Protein chains: 2
Amino acid sequence: MYSAGMSMSTSERLIEATRELLWERGYVGTSPKAVQQAAGAGQGSMYHHFAGKPDLALAAIRRTAEEMGAAAEALLGGEGSAYDRIEAYLLHERDVLRGCPVGRLTMDPEVIARPELRAPVEEVLGRLRARLAAVVQEGLDEGELNCPLDPAEIAATVVATLQGGYVLARATDSRAPFDSAVRGLLALLAPRAAQG
Amino acid sequence: MYSAGMSMSTSERLIEATRELLWERGYVGTSPKAVQQAAGAGQGSMYHHFAGKPDLALAAIRRTAEEMGAAAEALLGGEGSAYDRIEAYLLHERDVLRGCPVGRLTMDPEVIARPELRAPVEEVLGRLRARLAAVVQEGLDEGELNCPLDPAEIAATVVATLQGGYVLARATDSRAPFDSAVRGLLALLAPRAAQG
DNA sequence: GTCTATACCTTGATAGAC
DNA sequence: GTCTATCAAGGTATAGAC
């Protein structure tokens, strides 16, 4: 992690530019040339620091996955009841119309075809589901959530609602359906005691 | 719609090949050359029938969206209670690891950038949400679903769970998390009377 | 470490013969 | 309607000078 004032090395600039382009255009849609231009680096410079497009993408994907994992842990490991933490995670501010920088990679055929590129995506989404399942289990133990629920299933539903919410938002060019999907999920999860 | 035994015209073969490639590789990852080879057509032949790549993609996307809309209507307009129809829709057989041929287009920057290509995607997903909302409303009217639910929100949650389920499945190269997400949602939706 | 030059392939499309 | 050139541009990388 670089402090705000510190200027980035060429290698850092290449990784950051790649992260932006992967988010915006995916792996297939991102060319080394575009990365070099965005990073202000020459062709030879990029190939000096990285073996090629897949190698650079791997560095970028790993960093993006790491950031996503840390952000999730910060919210799900915070204070409050199980429901409160899940709500905090669902309502966390997101650049909805850009989609999820990790989840969008699953629609990229080249990422899915290369196990080393898919691995960080699988790992961070798996960790997220496990963390959410633990929170749901807490909620069940405390009697806060209704009982006949499988924590792993609810965790998958929560992550899927977010990932699918991005799809609906981008389809409509509006974040409204993302917010609707989240509110619908929260209504279904809401502790019965709190309901009218 | 062509009957099984009828051989397809070149134009039809181009559209069908494009549909497959858009599903597999997206718009950015699909080249006219790949389409021509898959369709067994020459370059000139493709440009005779279609103005170019966007025009051909539009024909393919429209047809895919139409099929998806018809399949959803067949399930949601069928027999049974509101919950039964939603369950039937969620459990409908799908080629999960391939993802949704419509939803995956929302991660394609060129599709989102071209209003004419995004329009059929927005339209069919909007129609699906509206149809689901109507079914949820029926369930509320019948007292079958729990009351403080907003039909439009639940509809968004249902569609998002499916779309996000594809993301989880492709991330893990396994349909298991898709099925988990769906089961979790069904557990949350389940009429209270039916629960232990 | 960075640069320019070079190479070979693919992309997306047009032209004109048949 | 279909075919075979042909084309300018971009994609992905290597070579070698500085």
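All figures in this text were calculated on a predicted structure; none of them were measured in a lab. Naming convention: chains lettered A, B, ... in sequence-line order (proteins, then strands); numbering from 1 in each chain.
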Discussion item. Using a strict heavy-atom distance below 4.0 Å, which residues from residues 104-117 of chain A are in contact with DNA chain C?
Written reply: none

Item to complete: Pull out every residue in residues 30-40 of chain B that has a heavy atom closer than 4.0 Å to any atom of DNA chain C, ordered by number, or say none.
Response: B:T30, B:S31, B:P32, B:K33

Worksheet entry | B:E73, CD atom: more than 12 neighbouring heavy atoms under 6.0 Å | yes

Worksheet item: Other than B:L97, which residues form its hydrophobic cluster under the rule that side-chain heavy atoms must be closer than 4.5 Å?
Response: none

Practice prompt. Kindly indicate whether the side chain of A:L22, heavy atoms from C-beta on, has any atom under 4.5 Å from the side chain of A:T64.
Written response: no

Among all residues two or more places apart in sequence or in another chain, which pass the salt bridge (charged side-chain N to carboxylate O under 4.0 Å, His left out) test with [X]?
| X | answer |
| --- | --- |
| B:E16 | B:R19, B:R63 |
| A:R127 | A:E123 |
| A:R62 | none |
| B:E142 | none |

Worksheet entry | Heavy-atom contact window of chain A on DNA chain D, given 5' to 3' at under 4.0 Å | D:dG11 to D:dT14

Worksheet item: Rounded to the nearest 0.5 Å, how far does CD of A:Q36 lie from CG of A:L56?
Response: 9.0 Å

Worksheet entry | Stretch residues 48-60 of chain B: residues that reach within less than 4.0 Å of DNA chain D through a heavy atom | B:H48, B:H49

Worksheet item: Which pairs count as side chain to side chain donor-acceptor pair (under 3.5 Å) when at least one residue sits in residues 150-161 of chain B, sequence neighbours excluded?
Response: A:T161-B:T161, A:R183-B:E153

Item to complete: Just call it for B:G42: base, sugar-phosphate, or nothing, with non-hydrogen atoms closer than 4.0 Å on any strand.
Response: sugar-phosphate

Worksheet item: Applying ring-ring contact (aromatic ring centres under 6.0 Å, His included), which residue pairs with at least one partner in residues 133-173 of chain A are found, sequence neighbours left out?
Response: A:Y166-A:F178

Item to complete: Only pairs at least two apart or in different chains count here, so list each salt bridge (Lys or Arg N to Asp or Glu O under 4.0 Å) that has a residue in residues 48-61 of chain A.
Response: none

Discussion item. A cation-pi test, strictly: NZ or CZ of B:R25 under 6.0 Å from the centre of the six-membered ring of A:Y27 and no more than 45 degrees from its axis. Yes or no?
Written reply: no

